[in-house]
Amino acid sequence: MTHPAIRFEKVSRHFGDIKAVDAVDLEIKDGEFFSMLGPSGSGKTTCLRMIAGFDRPTAGSIFLYGQEVSTLPPFERDVNTVFQDYALFPHMNVGANVAYGLMIKGVAKEERKKRVDEMLDLVQLRGFADRKPSQLSGGQRQRVALARALINHPKVLLLDEPLGALDLKLRQQMQIELKSIQQRVGITFIFVTHDQEEALTMSDRIAVFNQGKIEQIGTPSDVYERPATSFVAGFVGTSNLIHGASAKRITGEEGTYSVRPEKIRLAYAADSFSPKMIYANGTVRDVIYLGLYTRYLVEIEGGDTLVIIEQNLRSTSMDVLKLRGQSVRLSWEKDHMTKVGG
Amino acid sequence: MANRLSAFFFRNPKLVTLLLLSLPLAYMVVVYLGSLFALLINSFYYLEEFTGLVVKEFTLSTYGQLLKPANLGIFGRTAGMALAVTIMDAIIAFPLAYYIAKFASPRLRTYLYIAVTLPLWSSYIVRVYAWKLILSKEGIVSWFVDLLHLNFALDWVLSLPGIGGSSLSLSPIGMFIAFCYIWLPYMIVPIQTALERVPKSLLEASSDLGATPAQTLRTVILPLAFPGVVAGSIFTFSLTLGDFIVPQSLGNSRFFIGQAVYSYQGTAGNIPLAAAFTMGPIVIMIAYLLIARKLGAFDAL
Amino acid sequence: MHSKPDKASWGLTLGAIGGLLFLHFPMFVIFLYSFTTDEATYSFPLPGFTTKWFGVAMGRQDLWDALMLSLQVASVATLAALVLGTLAAAAVYRSDFFGRDAISFLLVLPIALPGIVTGIALRSAIGSMEIPFSFWTIIIGHATFCVVVVYNNVLARFRRMSGTQIEASMDLGANSFQTFRYVVLPNIGTALLAGGMLAFALSFDEVIVTTFTAGQQSTLPIWIFSQLVRPRDRPVTNVVATIVILITFLPIFFAQKISAESSETEGGSK
């Protein structure tokens with residue numbers, strides 16, 4: 001297909017003086033799992049609501065497979081949504097909830113029943129058709145909401161923080177399942193979340209939102225390893241930002257640089273020198289022993305404090321805690337450090 | 001067709017709200033507020049004594065008539081009754097409201113709530129009638145007083161000027177009891193609502209800080225229940241002010257505002273004077289509502 | 001700790017029981033008196049028990065007429081209140097316009113102001129337009145104070161209903177009308193039932209406004225009122241009062257139970 005699934009052209013949405021979405025350009029490809037990641041109030045949910053049709057842009061245009069849809073009401077768009085609170089109809093059983101879209105379209109009863117069963121199989125809820133939503137667990141409601149949206153074979157499926165209400169274990173399980181369902185049905189998924197791990201796990205591409213604008217669009221590895229701005233570096237994973245005097249000392253240049261904590265190696269004494277590496281001297285200010293790994297806070301020359309994470313492959317808590325107050329030498333590969341804007 | 005109309009509605013949410021609102025608003029504004037306004041206008045007309053016809057000329061003379069001692073007496077008597085009923089209802093309502101809000105189990109609470117609100121909706125006239133039975137000369141109260149050999153006390157109370165009468169059912173005391181009874185639910189519900197908002201930890205904190213239960217009641221619970229009392233008093237006060245059924249059924253021949261309005265507009269055909277009389281309760285109520293809003297009582301409604 | 005916070009003191013319990021008795025004892029008295037053999041006075045203890053007054057009341061055409069009129073008035077007024085109250089609740093729920101407080105205030109005014117104000121205002125307005133007092137003028141009066149009952153019930157239910165349900169329905173292809181039929185109506189159904197039953201009870205018993213807006217007709221409460229002022233048929237009045245209590249008791253009880261339960265289940269699922 002030549003057209004992208006979704007295209008934003010200078011889309012803005014203002015609420016009074018607040019620019020919730022500020023002249024955003026965006027293209028989402030057919031069949032991809034696309035995440036909109038950002039803190040609350042960053043504009044990601046507003047973008048989703050504009051794609052669904054619950055909200056309309058103040059300015060700009062939205063295209064769905066080449067067709068302008070900016071002003072179409074939700075019931076005239078071939079797009080379905082999985083809501084944050086699932087929004088299941090409490091007065092209908094699971095089967096009627098899932099069949100709702102088909103019932104509205106006037107699909108015959110037997111056909112409806114057949115497709116509901118297929119859908120319930122897909123989300124592993126076979127035999128639940130007669131239950132009421134109130135009799136289901138959070139995870140099961142989530143699956144019903146997914147089935148109810150997918151049964152209509154929408155061109156695009158929107159998911160508004162659908163895993164937010166689940167506990168950690170269930171959330172991780174659902175992440176994997178969602179991804180596999182998406183690959184099976186081949187529908188474009190647009191997934192809104194504030195959880196960076198979730199976005200990194202499932203997405204083909206991620207857009208990082210901040211204050212109504214997109215800071216970076218890229219694959220998970222792009223966004224993680226080469227953050228375009230200091231906001232992205234800070235929001236996606238934890239990151240060390242080196243600037244000012246420290247940056248000048250290490251690289252010889254002004255600017256802001258980002259290094260991931262797990263990329264930094266900690267040496268007690270000067271080891272061998274390699275031109276591919278970057279070195280910095282510092283003092284260990286704090287040691288936090290976390291079982292699987294240890295987190296060190298090291299103040300480097302120039303004043304910045306870096307976080308370093310090392311797995312406790314051979315060391316015990318006694319070993320690592322001894323390091324507090326010691327002088328150390330840090331090193332990381334040049335490739336692992338990115339210059340960031342903003 | 002339905003889709004196109006829906007799409008149009010969806011794009012014009014304000015228009016839809018306006019459409020939804022138009023019918024109820026038109027009804028309430030035209031019929032209800034319109035009538036109230038017409039009533040206000042009427043109070044500035046006057047009744048020509050000889051012809052018995054209403055003269056539609058602006059005058060304040062009708063209001064002037066309100067200032068006659070007899071009419072001032074009606075206002076004073078009615079307001080005094082409304083005040084007494086409000087205070088008594090607050091006293092009777094408090095223990096029940098407090099119990100429901102803070103001590104009843106959830107299940108019991110539901111049933112107690114229904115028990116309190118049931119009379120609120122039901123059979124106003126029948127409930128007035130009940131007191132006619134209970135308070136009548138040969139009725140239950142007399143029987144009970146007789147049983148306790150307290151006839152002399154009842155006779156003494158009934159002989160008091162101003163509140164006494166030939167029997168309980170024909171005296172201001174009888175009216176007072178019936179009023180208290182009829183408006184009581186209006187007082188219980190807001191007090192209960194106000195008390196339910198008081199977190200239990202607050203009471204525990206008070207006793208933790210060394211307050212005796214009586215001190216907690218006085219320094220914590222009563223002040224917090226007060227907005228509820230004010231909210232409830234809006235109803236008890238207002239409804240007593242305007243009622244004519246109870247005075248007509250249980251009182252003596254001395255008029256209350258409601259009766260005066262009823263008789264002026266009815267037999268006398270003096271709508272301007274009746275209208276001027278109702279402005280009394282309306283003004284008192286509006287002032288009351290404004291004060292109550294300042295005190296934050298609306299939150300407890 | 002000076003006292004267990006969960007246990008009411010005996011004084012409070014006694015006060016609460018006393019309040020409850022005061023609220024319900026008089027209804028019981030009426031019930032009792034409908035079986036008295038005393039025709040002329042309200043003597044107590046009852047001189048004897050009989051059920052004959054129910055039969056006498058059944059045979060009275062004026063009572064049947066009054067009862068039928070009351071039922072018709074209450075039904076039509078309830079219907080009007082359902083339509084007007086639901087429309088107003090929907091309008092107030094769906095938007096944050098500045099006048100929403102004013103609307104609630106306007107709707108509650110007819111029950112907050114003394115009934116006599118509404119009554120005389122409507123009477124003089126209807127009279128000055130030279131509309132004859134009839135069945136319909138009674139309805140006009142009753143609708144003013146019944147609307148708020150439906151409005152409050154429906155608005156409360158709207159506020160408890162998850163707003164995304166409506167969005168979900170439209171998202172799944174349903175237009176506004178389909179969404180109303182399949183999602184909104186089932187959600188507010190019991191609130192309509194509860195509000196409708198309360199409005200019915202309120203209208204069925206109303207006497208003050210009715211005395212002003214009725215012409216020569218007599219509703220059941222007006223019939224009772226006339227007996228209150230000039231008692232002629234004491235035993236029959238007792239029976240009629242009992243019947244009024246019974247007719248209004250069930251709808252009110254179920255309406256209250258519906259509201260109480262719907263707020264409970266909501267609280268439980270949170």
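Numbers restart at 1 for each chain; the letters A, B, ... are given by sequence-line order, proteins then strands. Only a predicted model underlies this, so the values are computations on that prediction, with no experimental measurement involved.
- Just one residue in the list C/Thr242, C/Ile245, C/Leu228 forms a side-chain contact (heavy atoms from CB on, under 4.5 Å) with B/Val126, and that residue is C/Ile245.
- C/Phe31 CZ: 12 or fewer foreign heavy atoms inside a 6.0 Å radius.
- Counting heavy-atom pairs under 4.5 Å between each of C/Ala80, C/Ala90, C/Gly127, C/Pro110 and chain B puts C/Pro110 at the top.
- Heavy-atom pairs under 4.5 Å with chain C were tallied for B/Pro13, B/Ser6, B/Ala130; the largest tally goes to B/Ser6.
- In this structure, the separation between CZ on C/Phe212 and CZ on B/Phe244 is 4.5 Å, given to the nearest 0.5 Å.
- With a threshold of 4.5 angstrom between heavy atoms, C/Thr237 approaches chain B through its backbone and through its side chain.
- Atom-to-atom distance recorded for C/Leu23:CG and B/Leu118:CG is 10.0 Å, nearest 0.5 angstrom.
- Open room surrounds CZ on C/Arg181; 12 or fewer heavy atoms of other groups in view lie less than 6.0 Å from it.
- Under a 3.5 Å cut-off, the side chain of B/Tyr32 and the backbone N or O of C/Thr118 do not form any donor-acceptor pair.
- With a threshold of 4.5 angstrom between heavy atoms, B/Leu250 does not approach chain C through any atom at all.
- Among the candidates B/Leu39, B/Leu239, B/Val116, B/Thr240, the residue making the largest number of heavy-atom pairs closer than 4.5 Å to chain C is B/Leu39.
- Looking at B/Phe9, the atoms closer than 4.5 Å to chain C (heavy atoms on both sides) all sit in the side chain, from C-beta outward.
- Heavy-atom pairs under 4.5 Å with chain C were tallied for B/Ser22, B/Ala104, B/Pro119; the largest tally goes to B/Pro119.
- Residue contact with chain C, scored on non-hydrogen atoms closer than 4.5 Å, is absent for B/Leu18.
- Atom OH of B/Tyr113 has 12 or fewer neighbouring heavy atoms from other residues, nucleotides or ligands inside a 6.0 Å radius.
- Residue B/Phe277 does not touch chain C at all, counting heavy-atom pairs closer than 4.5 Å.
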